Protein chains: 2
Amino acid sequence: MDFRQLRQFVVLADELNYRKAAERLNMTQPPLSIAIKRLEADLGVQLFERDRLGVRLTMAGGVFLGEARRLLDGAQAALQVTRDAAQGRI
Amino acid sequence: MDFRQLRQFVVLADELNYRKAAERLNMTQPPLSIAIKRLEADLGVQLFERDRLGVRLTMAGGVFLGEARRLLDGAQAALQVTRDAAQGRI
DNA sequence: AATGCTTACGGGTCACGTAATGATT
DNA sequence: AATCATTACGTGACCCGTAAGCATT
């Protein structure tokens with residue numbers, strides 16, 4: 001699990017469409033599909049359901065979505081405060 | 001910035017010694033040295049001071065240490081709650 | 001046919017270990 | 001000499017894009 005995967009997951013959870021998600025991520029569908037599969041394997045948890053009707057979040061996927069957003073926000077905040085500290089703006 | 005770098009940074013900040021930190025991380029000094037340099041470059045912030053006396057955290061490094069610990073704890077918590085959710089333990 | 005997701009494959013990047021170098025005690 | 005950190009270099013893993021395959025509409 002890394003931040004890149006978290007970003008990919010959040011965008012896919014928002015779009016529920018691999019093509020559109022990949023477009024927003026400036027990449028193509030195949031590597032996105034593989035990255036999500038790999039994330040699910042790493043977690044040992046299925047995050048999406050794929051069937052005829054399309055892509056949907058599982059319950060665990062919904063839980064992970066909140067966590068992923070929190071982590072991404074936290075990462076951005078970490079950069080911010082660290083850079084501010086480096087410039088003496090404390 | 002990724003979680004692997006955060007783990008390496010936190011251990012090095014704890015040990016203030018590349019050899020010992022690398023040992024705890026089950027790796028060798030050279031890749032650790034490079035990974036930390038890369039992290040500093042990514043952030044645009046110097047996290048450690050190296051001089052005759054050894055390795056010390058900069059002020060910004062101290063700030064980042066708190067953030068890194070929070071992010072790593074958050075990642076672990078995210079795994080936990082997601083796996084629990086997947087097993088219906090909500 | 002067209003759309004959407006997945007598998008197959010080749011290329012570039014990156015992380016690691018080993019080896020060699022530099023610096024300090 | 002010994003210890004510690006940093007380059008230098010070769011190998012293996014991984015991410016990505018292109019191409020091909022498969023299913024559904």
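Here the structure is a predicted model, which is why all the values come from computation and not from measurement. Chain letters run A, B, ... following the sequence lines, proteins first and then strands; every chain starts at 1. Worth knowing before you read on, the calculation uses all heavy atoms, side chains too, and leaves out hydrogens, waters and symmetry mates.
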Quiz item: If you measure from the Lys or Arg side-chain nitrogens to the Asp or Glu carboxylate oxygens, is any gap between Arg83(B) and Glu67(A) under 4.0 Å?
Solution: no
Exercise. Send over the distance from Ile36(B) CD1 to dA15(C) P, rounded to a whole Å.
Key: 12 Å
Practice problem: Take Leu72(A) and Val10(A) through the side-chain contact (heavy atoms from CB on, under 4.5 Å) test and state the conclusion after the steps. | Solution: CA-CA 10 Å; Leu72(A) 290 171; Val10(A) 168; 3.9 Å; yes
Exercise. Would you indicate, yes or no, if dA23(C) has its OP1 or OP2 atom less than 4.0 angstrom from a side-chain nitrogen or oxygen of Arg50(B)?
Key: no
Quiz item: What's the shortest heavy-atom distance between Tyr18(A) and Arg50(A), and which atoms?
Solution: OH-NH2, 3.0 Å
Quiz item: For the residue pair Phe3(A) and Leu71(A), what are the closest heavy atoms and their distance?
Solution: CE2-O, 4.0 Å
Practice problem: Identify whether Val63(A) and Leu57(A) are in the same connected component of the hydrophobic contact network (ILVMFWY, side-chain heavy atoms under 4.5 Å). | Solution: no
Quiz item: For Glu40(A) and dC5(C), what is the distance between atoms CD and P respectively, to the nearest whole Å?
Solution: 14 Å
Practice problem: Please tell me which of Gln8(A) and Arg52(A) maps to the more 5' nucleotide of DNA chain D, matching each residue to the nucleotide holding its nearest heavy atom. | Solution: Gln8(A)
Exercise. Report yes if the side chains of Thr58(A) and Phe48(A) come closer than 4.5 Å at any heavy-atom pair, otherwise no.
Key: no
Exercise. Could you walk me through whether Arg24(B) and Asp14(B) pass the salt bridge (charged side-chain N to carboxylate O under 4.0 Å, His left out) test, one step at a time?
Key: CA-CA 11 Å; Arg24(B) 271 180 54 188; Asp14(B) 187 43; 2.7 Å; yes
Exercise. Please work out which residues in residues 15-35 of chain B have a non-hydrogen atom less than 4.0 Å from an atom of DNA chain D and list them by number.
Key: Asn17(B), Tyr18(B), Arg19(B), Gln29(B), Pro30(B), Ser33(B)
Exercise. Please list, in 5' to 3' order, the outermost nucleotides of DNA chain D lying under 4.0 Å from any heavy atom of chain A.
Key: dC14(D) to dA19(D)
Self-check item: Whole-Å distance separating the CG atom of Leu39(B) from the P atom of dA15(C)
Solution: 11 Å
Self-check item: Ile36(B) and Leu47(B), any side-chain heavy atoms less than 4.5 Å apart
Solution: no
Protein N or O to nucleotides 10-13 of chain C N or O, pairs below 3.5 Å:
none

Quiz prompt | Rounded distance (nearest 0.5 Å) linking atom OG1 of Thr82(A) with atom CE of Met1(B) | solution = 8.0 Å
Quiz prompt | SB check Asp51(B) Arg56(B) (cutoff 4.0 Å) | solution = yes
Quiz item: So how far is it from Arg70(B) CZ to Leu65(B) CG, rounded to the nearest 0.5 Å?
Solution: 10.5 Å
